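Side chains included, hydrogens not; waters and symmetry mates left out as well; all remaining heavy atoms used. Numbered from 1 within each chain, the chains take letters A, B, ... in sequence-line order. Small disclaimer: the values here were computed from a predicted structure and weren't measured.
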There are 2 protein chains.
Amino acid sequence: MRITRHSDYALRTLMYLALKQGSVVTINEIAERYGISRNHLTKVVNRLHQLGYLRATRGKNGGLTLASAPGQISVGAVFRDMESSLAVVECVDEPGACVLSPSCRLQGLFNQAQAAFLAQLDAHTLADLLPPETGRQLRDLLAIER
Amino acid sequence: MRITRHSDYALRTLMYLALKQGSVVTINEIAERYGISRNHLTKVVNRLHQLGYLRATRGKNGGLTLASAPGQISVGAVFRDMESSLAVVECVDEPGACVLSPSCRLQGLFNQAQAAFLAQLDAHTLADLLPPETGRQLRDLLAIER
DNA sequence: CTATAAGATGCATGTTAAATGCATCTTTAA
DNA sequence: TTAAAGATGCATTTAACATGCATCTTATAG
């Protein structure tokens, strides 16, 4: 039971931007601080841009900024947008994957469980992840001076 | 966001046994009816046996039976036992995977969401998945005569 | 007592999605 | 016009998962 790094990197990127609100941040900076692949992060950022979560400026002195206030960005929304497939089990997506499908209650149960998972994420915004004291600690960990 | 086939096969196997309570069922039969790999299923069955969910008899006329009543078998318990890793994100397992870990609230949120997921599964037993009418339909789909 | 049918087990291989790397293009400002 | 930034497409690697194969063990029928 694992989610992809897309969602993880996406949320961490948005957190980084939120921690540095007011400045423009480059992909290189984020990749370095987190110690992750620049290439992969580029794609995640790109997708976040297309989805409208952040603003990206090309060229010299370019970089990224949050497109909305942290309190307006739902963790659940980001997750749904970034996770490639939301199907917990194969049979939910692919008709014919299991003979039981037409009457299977297990599918329904998995869907219910997933809904409960998403409901928790939906109940929180970026801002909830970054209360003042936590924000200070995270800036220290990321060596962000303000 | 996907779970492994271990859990899926395990639950489907237990459902099959529950639908055929009173008879002994072979791995071959289950694999054929579901159209899945006999080898893989063998390993799943083996694990279910070790965990005490089913009884296995070797040799001629051998086979499998449920070890307890369907109402006693929790879907959540089977899931926890069969899923190889319960960590939703890498950073929950592996210390040092992310610099934020010491103060990260995202981890906590993912743990909460996972708990909500598991709570749904915990609230149901095999018996809930197989009420009488559903049982009849599933037996038809599996070509189980009684 | 032996043939056969069942589960058990370990090792090897295949498969697939995810992650990463590389090269190149586009945009923008100094 | 050059350098710094994001954008994009293709190739490659990786790792988890799934599957296959061979062999062993156990038990029962005859």
* **side-chain contact (heavy atoms from CB on, under 4.5 Å) between A/Leu66 and A/Ile73, worked out** => CA-CA 10 Å; A/Leu66 273 191; A/Ile73 301 179; 4.0 Å; yes
* **Selection: residues 39-50 of chain B, any non-hydrogen atom under 4.0 Å of DNA chain C** => B/Thr42, B/Lys43, B/Asn46, B/His49, B/Gln50
* **A/Met1 CE to B/Ser7 OG distance, which is reported to the nearest 0.5 Å** => 10.0 Å
* Asked: In Å, rounded to the nearest 0.5 Å, how long is the span from CG of A/Leu14 to OG1 of A/Thr125?
  -> 11.5 Å
* side chain to side chain donor-acceptor pair (under 3.5 Å) contacts in which one or both residues fall within residues 40-68 of chain A, not counting sequence neighbours -> A/Tyr53-A/Asp81
Do any N or O atoms from the side chain of [X] and from the backbone of [Y] form a donor-acceptor pair under 3.5 angstrom?
{"X": "B/Arg38", "Y": "B/Ala31", "answer": "no"}
{"X": "B/Arg139", "Y": "B/Glu145", "answer": "no"}
{"X": "A/Gln137", "Y": "B/Ser103", "answer": "no"}
{"X": "A/Arg105", "Y": "B/Leu130", "answer": "no"}
{"X": "A/Tyr9", "Y": "A/Val44", "answer": "no"}

* Are OP1 or OP2 of C/dT20 and a side-chain N or O of A/Tyr9 less than 4.0 angstrom apart? -> yes
* Looking at A/Ser84, does any N or O in its side chain come under 4.0 Å of the phosphate oxygens OP1/OP2 on C/dA18? -> yes
Enumerate donor-acceptor pairs with a distance under 3.5 Å from any side-chain N or O in residues 111-121 of chain A to protein atoms, sequence neighbours excluded.
from, atom 1, to, atom 2, distance (Å)
A/Asn111, ND2, A/Gln107, O, 3.4
A/Gln112, NE2, B/Gln120, OE1, 2.9
A/Gln114, NE2, A/Leu86, O, 2.2
A/Gln120, OE1, B/Gln112, NE2, 2.9

* First of A/Thr26 and A/Arg2 reached from the 5' end of DNA chain D, by closest nucleotide -> A/Thr26
* **Gap between atoms CG and P, on A/Asn28 and C/dG21 respectively (whole Å)** => 13 Å
* Hey, can you pull the residues of residues 51-59 of chain A with a non-hydrogen atom under 4.0 angstrom from DNA chain D? -> A/Ala56, A/Thr57, A/Arg58, A/Gly59
* Residue-level proximity of residues 60-67 of chain B to DNA chain D when a heavy atom falls under 4.0 Å -> B/Lys60, B/Asn61
* Structure fact -> Looking only at heavy atoms, the pair that brings A/Ala87 and A/Val92 closest together is CB-CB, 4.4 Å
* Is A/Asp8 salt-bridged to A/Arg12, going by a charged N under 4.0 Å from an acidic O? -> yes
* Verify the cluster assignment for B/Tyr16 and B/Val24: are they in a single hydrophobic cluster under the rule of side-chain heavy atoms below 4.5 Å apart? => no
* First-last contacting nucleotides on DNA chain D - partner chain B, under 4.0 angstrom, heavy atom -> D/dC17 to D/dA29
